[in-house]
Amino acid sequence: MHGAMSYIRKTELWRSNMWIGKRLLSSVLLKGHYSLFCRSPSSLPEYELRFLHCTCCRRSRIAISGLDTLDASVSSELCQEKDKPMDSCYTAAQRAVILQRLNTATESELEQVKLLRGRKAVNIVKYRTAHGPFNSLESVMNVPLLKHKSAVIDASSIVSIVCGTNKIAWTHMGRARTVLDWQQAECKSFMKGMYMASDYLEDISTVISSFPPADFFLVEKPSISPQNTSLYPVLVHLRTVEAMLFALLTPARDPGSPPKVLNMMRTAVGRHFNLIVGDCRTSGAEIVRKMMTESVMKQDPRVLFPHDLVLKHRNSFQMSSRNRGEELCDALLQAVTFFELLRE
């Protein structure tokens, strides 16, 4: 999907949609070459590009247009006050430009902002068509998907879960890509007899009881094709475990609140680490071994492993290992992919 934004306590995230909105607007509308502060081809004059420092954005320097009326002091002090109305975090000139673009830009123009691509751009256009133009920045947060995306961006930790034919592995990882926990458990009822739901439920419930608290649970979505009939029993098994994980990990939530459990395609992780060969994904064991070595040898490694986990799993990914930890490997790579994709 890691050192991106400032940490927010999980409880504060759910209680304050306005604070979420501030972060989203700071990280999306004011960011990058395709910022909504960039010059509109038809209505805005040319401005020189300069940089504004903002502590609640994912980078310390955010490119914006040099509007004559822009008050640079609007950046860090106001953005840090989460109880302040969202519109008061921007000058009148900034609000006018943002709202003008949101109310007039086409879907294709909105999609030039990276975090507004896909359904979010479509929903913005649909919402303003149905409800009229946005008259405040806070009203933008009524658009579906925007609150959900910002909540995921601010996740401080996740549990990445991968299911195999006889075990479940999970990685608890923090935003700084620090491995907080990394385990796997054998499930004796998997792929046995008639796939008894009661047996599966007992094994999966036991595994879930070991999961630490996290902002989100990330469940691998397998990439086995239903047309491959020889692997149909494996596909049924994986889909059964996936459904049970979603059911057991998803709490009751208020309408419109972000989901607690997310899916990530196995092939997406494979593409992120260049593990796709033809139609198949190869093992990432070599990449994990390299990450573990760098964690010990480098001052700024890609992933930081606690010393005890390095000792515990240092032989888990050897080619000659009798019980090679492919699920452990995949759970780790999925967590790294999630945070690195969010950072991009």
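In what follows, every heavy atom counts, from backbone to side chain, and hydrogens, waters and symmetry copies are set aside.
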If we ignore hydrogens and angles and just use 3.5 Å, is the side chain of [X] paired with the main-chain N or O of [Y] as donor and acceptor?
X    : Y    : value
T104 : Q100 : yes
R177 : F339 : no
S295 : M291 : no
T282 : L275 : yes
S139 : S136 : yes
S209 : T206 : yes
S160 : A331 : yes
N263 : V219 : yes
T171 : M173 : no
R289 : F317 : yes

If hydrophobic clusters are built by linking Ile, Leu, Val, Met, Phe, Trp and Tyr wherever their side-chain heavy atoms come under 4.5 Å apart, do [X] and [Y] end up in the same one?
X    : Y    : answer
L304 : W182 : no
I208 : Y200 : yes
L201 : L238 : yes
L309 : I158 : yes

May I ask you to say whether [X] pairs ionically with [Y], meaning some side-chain N is under 4.0 Å from a carboxylate O?
X    : Y    : result
K188 : D199 : no
E242 : K221 : yes
D330 : R281 : yes
K167 : E186 : no

(message) My understanding is that a hydrophobic cluster links ILVMFWY residues whose side chain heavy atoms are under 4.5 Å apart, including indirect links. Using that, what else belongs to the cluster containing V236?
(response)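 Listed partners: Y232.
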
(request) Using the side chain to side chain contact (heavy atoms under 4.5 Å, CB included) rule, pick out the option among L249, V241, T240 that qualifies with I204. (result) V241

(message) Please report the interatomic distance SG(C329) to CD1(I287), rounded to the nearest 0.5 Å.
(response)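 Answer rounded to 0.5 Å: 7.5 Å.
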
(request) For residues L332 and L328, determine if any side-chain heavy atom of one lies less than 4.5 Å from a side-chain heavy atom of the other. (result) no

(request) State yes or no: are the ring centers of F134 and Y127 separated by less than 6.0 Å? (result)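 Yes - the distance between ring centres of F134 and Y127 falls below the 6.0 Å cut-off.
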
(request) Decide if the gap between the ring center of H313 and the ring center of F305 is smaller than 6.0 angstrom. (result)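 Aromatic pair excluded; centres sit 6.0 Å or further apart.
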
(message) Please check if the number of heavy atoms outside D308 that lie under 6.0 Å from its CG is greater than 12.
(response)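 Yes.
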
(request) Inspect the surroundings of CE in M196 and state if more than 12 heavy atoms from other residues, nucleotides or ligands are less than 6.0 Å away. (result)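 Counting other residues, nucleotides and ligands, CE of M196 stays at 12 neighbours or fewer.
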
(request) List the steps and the verdict of side chain to side chain donor-acceptor pair (under 3.5 Å) for S189 and E202. (result) CA-CA 9 Å; S189 65; E202 183 177 352; over 6 Å; no

(request) Could you list the residues that satisfy side chain to side chain donor-acceptor pair (under 3.5 Å) with N166, not counting sequence neighbours? (result)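 Once residues adjacent in sequence are excluded, N166 has no partner under the side chain to side chain donor-acceptor pair (under 3.5 Å) criterion.
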
